[in-house]
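Please read the structure below before turning to the comments.
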Amino acid sequence: HGKGMSSSALPYRRKPPAWVKMKTEDVCDHICKLAKKGLTPSQIGVTLRDSFGIPQVRTVTGNKILRILKTNGLAPTLPEDMYFLIKKAVS
């Protein structure tokens, strides 16, 4: 099943597409750089998709964005969804 309005479903294949040329280390570096700028994991995913043409970080690196941030000690103290809920409630 697809999620959301457009019901876009992820491809079943677990390998990255043939046209993705970036190496795992490069992707991780970019993720860390963007995280240091203060972007949330979903914003990082959008940036990688739009600027670097990486469709799914997990297929390229084998890890999700948040996991990569955790291993590099860059994960936020509050989970992203929780943070936005609190922000919404406070404002």
What distance do [X] atom [atom1] and [Y] atom [atom2] have between them, rounded to the nearest 0.5 Å?
| X | Y | atom1 | atom2 | answer |
| --- | --- | --- | --- | --- |
| Thr61 | Lys23 | OG1 | NZ | 15.0 Å |
| Asp50 | Thr47 | CG | OG1 | 7.0 Å |
| Lys33 | Leu74 | NZ | CG | 13.0 Å |
| Gln56 | Lys15 | CD | NZ | 16.0 Å |
| Lys70 | Ile65 | NZ | CD1 | 13.0 Å |

Heavy-atom side-chain proximity of [X] to [Y] below 4.5 angstrom:
| X | Y | result |
| --- | --- | --- |
| Tyr83 | Lys87 | yes |
| Met82 | Ile86 | yes |
| Arg58 | Arg67 | no |

*Hydrophobic cluster membership, Val57 vs Val46, 4.5 Å side-chain cutoff*: no

*Is there a path from Leu69 to Phe52 through hydrophobic residues (I, L, V, M, F, W, Y) whose side chains come within less than 4.5 Å of each other?*
yes

N/O donor-acceptor pairs under 3.5 Å from side chains in residues 35-45, not counting sequence neighbours:
residue	atom	partner	partner atom	Å
Thr40	OG1	Gln43	N	3.4
Thr40	OG1	Gln43	OE1	3.1
Thr40	OG1	Glu80	OE2	3.3
Ser42	OG	Glu80	OE2	2.2
Gln43	OE1	Thr40	N	2.8

*asked:* Could you report the tightest heavy-atom contact between Val60 and Met22, atom names first, then the distance?
replied: CG1-O, 4.0 Å

*If you look at every heavy atom in Thr59 and Arg13, which pair is closest and at what distance?*
CG2-O, 4.3 Å

*asked:* Is it the case that the side chain of Thr71 and the backbone of Ile68 share a donor-acceptor pair, with hydrogens and angles ignored and the cut-off at 3.5 Å?
replied: yes

*List, by chain and number, the other hydrophobic cluster members for Leu85, where Ile, Leu, Val, Met, Phe, Trp and Tyr join if side-chain heavy atoms come within less than 4.5 Å, directly or indirectly.*
none

